[in-house]
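Counting begins at 1 with the first residue of the sequence.
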Amino acid sequence: MPESPASPAKPPSQPGSPLNAATPSPASALLRGSVLLLAFLILQLVLFWNILGFPARASSRRRATGTLPGPTARSTAARAMRGSSTSTTSRRSSTTTSSTTASLWPWYSFCPYLANGGFGEAATTLPIFFHVTRNVSLSSWYNTDQFQLEVIIHRRLLSHRCRTTDPSLATAFYVPFYVGLDVGSHLWGDNSTAADRDRAGLKLLRWLNNQTSFQRSGGWDHFITLGRITWDFRRYGDDGWGTNFVVLPGIANVTRLGIEADRLDPMEVAIPYPTGFHPRTAADLRAWQRHVLSLKRSKLFGFAGAPRSGFRDDFREVLLEECEDAGSEHCRAVDCRGTRCTDNGAAVLELFLDSKFCLQPRGDSFTRRSLFDCMVAGAVPVLFWRRTAYDQYRWYLPPGPRGEEGEWSVFIDRQALRVGNVSVRDVLEGLSERRVRRMRERVVEMIPRLVYASSPDGLGDGMEDALDVAVRGVLERFRRRRASTAPEGLSAEHRPGRFVARRVDGKSTLAPPSDFKNGSAAAVNQNASGTKLSPPASLYVKPVVSRASASSGKSLHNPGLTEE
């Protein structure tokens, strides 16, 4: 958090009297000096109060408008979509969600985490990060909350090169609804009811069902982001936890990108938790990769977490005992009870930067953000549940049917560990130095795909980040769906084809060949004056034309993307 402004400086000494003025009496001089000093202190107090009050007023303005700061987001609600009912519904849902940020988490204010497009406060303003990163990519680090995925994805897609404002040209439709933030504002309320948790989601579905694109496809070419774990969205009945959003019939065909997924639900896709690392360019990321590979790590393994006294046979207690048995020379733990690790993300980063391996038990669900914090720091994760990573993040992490999991992680049978048949230290010390080095290199190699770039255009230079992987996966998923439902008599040349990377603007310049590097390239529609149109409340994503189709005489009057 930002430091409080310094105390007012000591007032300067009272200036001397002009040479041609009468010499005042000692009493009048003392009175005049007291008045000047009092006026100075009052002025300093007013300035001090304004400095302290500014963030609160700024966040209050953001809550009132229902948008995040910045001209692009501000124009979204104003130019919502076509039709007054659409504009009203979109604006009301956004305002309802954004106006409750103060109640999203009972233990601390959530508002600072909405700064910088959902990245949170920059590490450059937080001295706790200085000695940890040692100025290596310091500008790429933020104090990011783990449940900000919806905001991060939305802000990035507003300026994404695949975005179009014309729904008739779209291949995919993004639904910018913050269902995770909405339900989060009701989870801990004393008087919160199931109806409160479901209200905004039901409004959204009523609105979607009135949209032509949704009616035409039944929602299969729409996708949405879920910023909390899957169990927060699949309540059955009125007595359970969370909302019933994903079990509603209207959402059944919509692809859902979430920080975790239910492996039995084919419409859910797990994408990485947001970490605090958001590099702007590929060069920034490579500098960090070199840094974490060059570190001399003093600990064999580390663990960030806290025991959970309310859980019977708490496995975290087992891991803490393993760390204690290994001794401080081989293991260090960071106690994350309360909000210690939330308030000080630098403490977890420092632990993982100094550890070769990091222990990753399950969290409230089968995985936790710490898995990605660990890998971004260049440490090798040690897993105890297959569903923590192998069965979830298939677009991002090798699942391991041919042994790939052993290239970047260690799996230990938790039951064998619990009964004492194995120990973490013995397993890890049994790995050769050469193999450990290869594993660390493999983890560092995967870092780009696990982070969300801070640049609107992604990392660039042919390097994909987590969002590029997600967009590519969504487009490919929809392409396969269209191909499987195309009429049998349709010739191959008219069937939906590959997505070919090409930027289409007023001059129709070609982009590099389509090898899916850095995601599919595209463009933003422009008006006659060449200025970008304000983004609508819904975002439309479309594939791009190939060189062959562009050169076959077909006109590209509307700047945008089509299929080959």
Side-chain angles (χ1 to χ4, degrees), residues 59 62-68 73 76-78 80-81 83-106 110-111 113-114 118 145 147-155 157-158 173-211 214 219 222-259 267-268 536-539:
S59 61
R62 289 195 292 271
R63 292 195 295 273
T65 59
T67 58
L68 293 170
T76 301
M81 280 186 282
S84 59
S85 61
T86 296
S87 301
T88 303
T89 303
S90 299
R91 192 179 300 112
R92 187 186 301 121
S93 296
S94 179
T95 303
T96 300
T97 300
S98 299
S99 64
T100 53
T101 55
S103 63
L104 284 169
W105 200 250
F110 206 74
C111 294
Y113 295 101
L114 291 173
D145 183 84
F147 295 139
Q148 284 293 326
L149 185 70
E150 294 154 346
V151 180
I152 292 172
I153 295 294
H154 184 198
R155 286 299 298 262
L157 288 179
L158 282 171
F173 297 81
Y174 176 68
V175 183
F177 174 56
Y178 302 166
V179 58
L181 293 184
D182 176 71
V183 70
S185 65
H186 301 292
L187 289 177
W188 292 276
D190 293 336
N191 300 317
S192 177
T193 65
D196 294 331
R197 287 172 262 151
D198 299 341
R199 186 174 297 111
L202 289 171
K203 287 182 180 178
L204 172 75
L205 288 177
R206 283 197 296 269
W207 173 76
L208 278 175
N209 283 320
N210 289 324
Q211 306 309 304
F214 198 83
H222 287 58
F223 67 105
I224 193 171
T225 309
L226 304 180
R228 299 185 66 89
I229 61 177
T230 183
W231 310 115
D232 291 348
F233 306 106
R234 47 180 70 251
R235 189 195 74 245
Y236 296 91
D238 292 338
D239 299 329
W241 171 266
T243 176
N244 65 353
F245 183 74
V246 305
V247 300
L248 293 173
I251 205 73
N253 294 332
V254 176
T255 294
R256 302 181 292 277
L257 306 178
I259 53 178
M267 302 310 293
E268 286 193 0
S538 283
L539 305 176

With side chains defined as the heavy atoms from C-beta onward, is the minimum distance between [X] and [Y] less than 4.5 Å?
X      : Y      : value
Val179 : Leu204 : no
Thr243 : Asp182 : no
Tyr113 : Val151 : no
Val183 : Phe245 : no
Leu187 : Arg228 : yes
Trp207 : Gln211 : yes

Is the backbone of [Y] close enough, under 3.5 Å, to the side chain of [X] for a donor and an acceptor to pair up by distance?
X      : Y      : value
Arg234 : Val247 : no
Asn209 : Leu205 : yes
Asp238 : Ala194 : no
Glu150 : Gly180 : yes

Taking atom [atom1] of [X] and atom [atom2] of [Y], what is their separation to the nearest 0.5 Å?
X      : Y      : atom1 : atom2 : result
Leu208 : His222 : CG    : NE2   : 6.0 Å
Leu149 : Leu257 : CG    : CG    : 8.0 Å
Leu114 : Leu181 : CG    : CG    : 7.0 Å

With sequence neighbours left out, the residues meeting side chain to side chain contact (heavy atoms under 4.5 Å, CB included) with Asp196 are His186, Ser192, Thr193, Arg199
query: Which class fits the ring pair Phe223 and Tyr174: parallel under 30°, tilted 30 to 60°, perpendicular over 60°?
result: tilted
